[in-house]
Undergrad: 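Let me begin by handing over the structure; questions about it come next.
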Amino acid sequence: MSIDPADSIGIDVGGTNLRIGVFSGLNLIEEMRFQANFSELCKTNTPSAAWQKTISVTANAIQTVLQKYASVKAIGIGFPGFIDPQTQNIAQSPNLPGLRDVNLAADLSQVIGKKAQIKQIVVENDANAAAYGEYCLAGKPAGGLIYLGLGTGVGGGLILPDIKQHGKPYVGQHGCAMEVGHIIISQGCRPCGCGNLGCMETYASATGVSTTYFDLTNQQKSAAEIAALADAGDEHALFAYQDAANALAQALASILKVIDVNNIVIGGGMSHAWHLMQKGFDDQLENDLIPVLRDKITVKISTAKDTAGMLGAAMLASL
């Protein structure tokens, strides 16, 4: 049975799950979660087989949603990778190895397009989608917005309403703009999924926190477990989050020297541990910013409860 007034769905593709939000405008009607271990699929299958399974899992989840919300006309997908702005191909996904030059929108359309009245499927980098969601929730501020998403990696998105994109995410000529997690902050150190060494996300992400803690203790723990230990006063856990805060602030200071935007929103799963990072982050950012920008930057933690990516994807598909 169709339930109105749903008009779009936004999909957040993660390494281990698929989250689908059903929207009417900015209003989230329902969120559904599906198990989808894409990271494992990519590691244990050939690239071709992994892609076919990715399409199958995603299409089945979408069809489940559409059975309940048949009024949906637009589908937006936030995907963790470099999206070519000319072809819409996923050029590469550092956290889903092996996927190269594949077109998620086109392949999904072939599977579900004839079975539903979908007018448009749009694929955007997951951090760009979250940036647009935060921008919409903030009332589309005239000065634009920078979004930093702290999760398995670190994504970034930029909204500049006074350029030709008219408030859409700025993706650059090759779809690689605002890949802030791959700003190199430490020469020749930790390897990153992008192929370089010393990228910011190898320190400031959940993976980075786990790596730092392991280097100090030889114990493998999740970022959430390390946060609990830090709250209990564990010095190694506290250092892991401090190291993440320093790396994030160092990279942001560099970004702000190039892109003069004062609205910064930080989201993603790691932002729930912001109380462990805030002071170190603030001190490092103050130290690294050029003097003219000090006291002019507003940094806020997302209040979207991890739905900004789904919302942004849905809104982009509805444009």
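One is the number of the first residue; the rest follow in order along the sequence.
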Undergrad: Nearest 0.5 Å, please: how far is CD1 in Ile11 from CG in Leu104?
TA: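 Rounded to the nearest 0.5 Å, the CG-CD1 separation comes out at 8.0 Å.
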
Undergrad: Mind checking the NZ-CD spacing from Lys279 to Gln284? Nearest 0.5 Å is all I need.
TA: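 Going from NZ on Lys279 over to CD on Gln284, the span is 11.5 Å.
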
Undergrad: Quick one: do Leu99 and Leu18 end up in the same hydrophobic cluster if we chain Ile, Leu, Val, Met, Phe, Trp and Tyr together by side-chain heavy atoms under 4.5 Å apart?
TA: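 Shared cluster, yes.
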
Undergrad: Are more than 12 heavy atoms, taken from residues, nucleotides or ligands other than His275, located less than 6.0 Å from that residue's NE2 atom?
TA: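 Above 12, so yes.
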
Undergrad: Only pairs at least two apart or in different chains count here, so list each salt bridge (Lys or Arg N to Asp or Glu O under 4.0 Å) that has a residue in residues 25-47.
TA: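 Pairs touching residues 25-47 that pass the test: Arg19-Glu31, Glu30-Lys68, Glu31-Arg33.
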
Undergrad: The test is side-chain hydrogen bond (donor to acceptor under 3.5 Å, both in side chains); show your working for Asn246 and Gln242 and say whether it passes.
TA: CA-CA 6 Å; Asn246 290 344; Gln242 177 67 62; 2.9 Å; yes

Undergrad: Going from CD on Glu201 to OG1 on Thr152, what distance comes out if it is rounded to the nearest 0.5 angstrom?
TA: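 Interatomic distance, Glu201 CD to Thr152 OG1, rounded to 0.5 Å: 9.0 Å.
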
Undergrad: Please assess Ser39 against Leu96 for the test side chain to side chain contact (heavy atoms under 4.5 Å, CB included), listing each intermediate value before the final yes or no.
TA: CA-CA 5 Å; Ser39 294; Leu96 296 176; 3.7 Å; yes

Undergrad: Sequence neighbours left out, what passes side-chain contact (heavy atoms from CB on, under 4.5 Å) with Ala228? Give chain and number order.
TA: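 For Ala228 there are no side-chain contact (heavy atoms from CB on, under 4.5 Å) partners, ignoring immediate neighbours.
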
Undergrad: Would you say the side chain of Leu197 lies within less than 4.5 Å of the side chain of Ile184, judging by non-hydrogen atoms?
TA: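 SC-SC contact between Ile184 and Leu197 ruled out.
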
Undergrad: So which heavy atom on Ile112 is nearest to which on Ala59, and how close?
TA: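 Smallest heavy-atom distance, with atoms named: CG2-CB, 4.0 Å.
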
Undergrad: With a 3.5 Å distance limit and no angle check, can you tell me whether Ser93 reaches the backbone of Pro80 through a side-chain donor-acceptor pair?
TA: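 Yes, the answer is positive, given that a donor and an acceptor are paired below the 3.5 Å cut-off.
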
Undergrad: Which atom pair, heavy atoms only, marks the closest approach of Gly78 to Ala313?
TA: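 Scanning both residues, the minimum pair turns out to be N-CB, 4.0 Å.
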
Undergrad: Report all side-chain donor-acceptor pairs from residues 289-298 shorter than 3.5 Å, counting only partners two or more places apart or in another chain.
TA:
unit_1: Arg294; atom_1: NE; unit_2: Glu286; atom_2: O; d: 2.8
unit_1: Arg294; atom_1: NE; unit_2: Leu289; atom_2: O; d: 3.3
unit_1: Arg294; atom_1: NH2; unit_2: Glu286; atom_2: O; d: 3.4
unit_1: Arg294; atom_1: NH2; unit_2: Asn287; atom_2: O; d: 3.3
unit_1: Arg294; atom_1: NH2; unit_2: Leu289; atom_2: O; d: 3.1
unit_1: Lys296; atom_1: NZ; unit_2: Val292; atom_2: O; d: 3.1

Undergrad: Does anything in residues 206-216 form a salt bridge (Lys or Arg N to Asp or Glu O under 4.0 Å)? List the pairs, not counting sequence neighbours.
TA: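 Sorted result for residues 206-216: Arg190-Asp215.
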
Undergrad: Would you check if Ile118 and Leu66 make a side-chain contact, meaning some heavy-atom pair closer than 4.5 Å?
TA: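 Answer yes - side chains close enough.
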
Undergrad: Indicate if Ile146 and Val180 have the same hydrophobic cluster label, given that clusters are the connected sets of ILVMFWY residues with side-chain heavy-atom separations under 4.5 angstrom.
TA: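 Same hydrophobic cluster.
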
Undergrad: Do the side chain of Ser71 and the main chain of Ala6 share a donor and acceptor less than 3.5 angstrom apart?
TA: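 Flag set: sc Ser71 to bb Ala6 pair under 3.5 Å.
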
Undergrad: Between Glu179 (side chain) and Cys176 (backbone), is there a donor-acceptor pair under 3.5 Å?
TA: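 No, Glu179 side chain to Cys176 backbone: no donor-acceptor pair under 3.5 Å.
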
Undergrad: Tell me whether Ser24 contacts the main-chain N or O of Asn27 through its side chain, where contact means a donor paired with an acceptor under 3.5 Å.
TA: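 Side chain of Ser24 to backbone of Asn27, a donor-acceptor pair under 3.5 Å: no, none is there.
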
Undergrad: Does Ile90 reach the side chain of Asn103, with side-chain heavy atoms less than 4.5 Å apart?
TA: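 A side-chain contact under 4.5 Å is absent here.
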
Undergrad: Determine whether Tyr132 and Lys140 make a side-chain contact, defined as any pair of heavy atoms from C-beta on separated by less than 4.5 Å.
TA: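 In short, these two side chains touch, coming nearer than 4.5 Å.
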
Undergrad: Work out which heavy atom in Ala244 is nearest to a heavy atom in Met270; give both atom names and the distance.
TA: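 Nearest pair, atom of Ala244 first, then Met270: CB-CE, 4.4 Å.
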
Undergrad: Using the rule that Ile, Leu, Val, Met, Phe, Trp and Tyr join whenever any side-chain heavy atoms are under 4.5 Å apart, tell me whether Val122 and Tyr147 fall into a single cluster.
TA: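 Unlinked, Val122 and Tyr147 end up in two clusters.
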
Undergrad: Please identify each residue that fulfils side-chain contact (heavy atoms from CB on, under 4.5 Å) with Phe214, with sequence neighbours left out.
TA: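 Per chain and number, Phe214 pairs via side-chain contact (heavy atoms from CB on, under 4.5 Å) with Asn218, Gln220.
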
Undergrad: Shortest non-hydrogen contact from Met315 to Cys136?
TA: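 Between these two residues, the closest heavy atoms are CG-SG, 4.2 Å.
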
Undergrad: Can you check side chain to side chain contact (heavy atoms under 4.5 Å, CB included) on Tyr203 and Cys189, steps first, answer last?
TA: CA-CA 10 Å; Tyr203 299 88; Cys189 291; 3.2 Å; yes

Undergrad: Would you confirm whether Thr64, through its side chain, and Asn60, through its main-chain N or O, come within 3.5 Å as a donor-acceptor pair?
TA: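 Yes, because the side chain of Thr64 sits within donor-acceptor range (under 3.5 Å) of the backbone of Asn60.
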
Undergrad: Remaining members of Phe239's ILVMFWY cluster at a side-chain heavy-atom cut-off under 4.5 Å?
TA: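 Its cluster mates, by chain and number, are Leu216.
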
Undergrad: Donor-acceptor pair, distance only, cut-off 3.5 Å: does the side chain of Asn17 make one with the backbone of Phe34?
TA: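 No, because the side chain of Asn17 does not come within donor-acceptor range (under 3.5 Å) of the backbone of Phe34.
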
Undergrad: Going by the rule ring-ring contact (aromatic ring centres under 6.0 Å, His included), which residues pair with Tyr213 if we only count those two or more places apart in sequence or in a different chain?
TA: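 Not a single residue meets the ring-ring contact (aromatic ring centres under 6.0 Å, His included) criterion with Tyr213.
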
Undergrad: Is there a donor-acceptor contact under 3.5 Å from the side chain of Ser210 to the main chain of Lys221?
TA: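 Pair found, side chain donor or acceptor close to backbone of Lys221.
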
Undergrad: Does some side-chain heavy atom of Ile9 sit less than 4.5 Å from a side-chain heavy atom of Tyr69?
TA: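 Side-chain contact under 4.5 Å: no.
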
Undergrad: Within a reach of under 6.0 Å around NZ of Lys53, are more than 12 heavy atoms found that belong to other residues, nucleotides or ligands?
TA: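 No, the 6.0 Å shell around NZ holds no more than 12 heavy atoms from other groups.
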
Undergrad: Working to the nearest 0.5 Å, report the span between OG of Ser8 and NZ of Lys119.
TA: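 If we round to the nearest 0.5 Å, Ser8:OG and Lys119:NZ are 12.5 Å apart.
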
Undergrad: Do Leu311 and Leu28 have side chains that get closer than 4.5 Å, going by heavy atoms?
TA: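 No, too far: nothing below the 4.5 Å cut-off.
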
Undergrad: Using the side chain to side chain donor-acceptor pair (under 3.5 Å) criterion, which residues pair with Asp282? Sequence neighbours excluded.
TA: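 Not a single residue meets the side chain to side chain donor-acceptor pair (under 3.5 Å) criterion with Asp282.
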
Undergrad: Less than 4.5 Å apart, any side-chain heavy atom of Asn128 and any of Leu316?
TA: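 Asn128 vs Leu316: side chains apart.
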
Undergrad: Verify side chain to side chain contact (heavy atoms under 4.5 Å, CB included) between Asp107 and Val111, making sure each step is shown before the conclusion.
TA: CA-CA 7 Å; Asp107 290 352; Val111 177; over 6 Å; no

Undergrad: Give, for atom NZ of Lys73 and atom OG of Ser318, the distance between the pair rounded to the nearest 0.5 Å.
TA: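 Between Lys73 NZ and Ser318 OG, I get 11.5 Å after rounding to 0.5 Å.
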
Undergrad: Do you know the tightest heavy-atom contact between Ala142 and Pro161?
TA: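 Closest approach of Ala142 to Pro161: O-CG, 3.1 Å.
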
Undergrad: What residues form a side chain to side chain donor-acceptor pair (under 3.5 Å) with Asp243, not counting sequence neighbours?
TA: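 With neighbours one apart ignored, the set is empty.
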
Undergrad: Going through the distances and angles, do Leu108 and Ile77 end up as a side chain to side chain contact (heavy atoms under 4.5 Å, CB included)?
TA: CA-CA 11 Å; Leu108 278 176; Ile77 304 172; 3.4 Å; yes

Undergrad: Can you tell me which residue pairs pass the salt bridge (Lys or Arg N to Asp or Glu O under 4.0 Å) test with a partner in residues 79-101, sequence neighbours excluded?
TA: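 Residue pairs passing salt bridge (Lys or Arg N to Asp or Glu O under 4.0 Å), neighbours aside: none found.
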
Undergrad: Are any non-hydrogen side-chain atoms of Met310 and Phe23 less than 4.5 angstrom apart?
TA: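 A side-chain contact under 4.5 Å exists here.
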
Undergrad: Using a 3.5 Å distance criterion without hydrogens, assess whether the side chain of Ser271 forms a donor-acceptor pair with backbone atoms of Trp274.
TA: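 No; judged by distance alone, with no hydrogens or angles, the pair does not exist.
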
Undergrad: Which heavy atom of Met200 sits nearest to which heavy atom of Val154, and what is that distance?
TA: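 Here Met200 and Val154 meet closest at CE-CG1, 3.7 Å.
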
Undergrad: Can you name the residues that form a side-chain contact (heavy atoms from CB on, under 4.5 Å) with Ala304, not counting sequence neighbours?
TA: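 By the side-chain contact (heavy atoms from CB on, under 4.5 Å) rule, Ala304 matches Glu134, Leu137, Ser302, Thr307, Ala308.
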
Undergrad: Can you give each donor-acceptor pair under 3.5 Å made by side-chain atoms of residues 255-265, sequence neighbours left out, with the distance rounded to 0.1 Å?
TA:
unit_1: Lys257; atom_1: NZ; unit_2: Asp288; atom_2: O; d: 3.0
unit_1: Asn263; atom_1: ND2; unit_2: Gly144; atom_2: O; d: 3.2

Undergrad: Do the side chain of Thr211 and the main chain of Thr207 share a donor and acceptor less than 3.5 angstrom apart?
TA: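 The answer is yes, because a donor-acceptor pair under 3.5 Å joins these two groups.
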
Undergrad: Between Asp7 (side chain) and Gly25 (backbone), is there a donor-acceptor pair under 3.5 Å?
TA: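 A pair under 3.5 Å: yes.
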
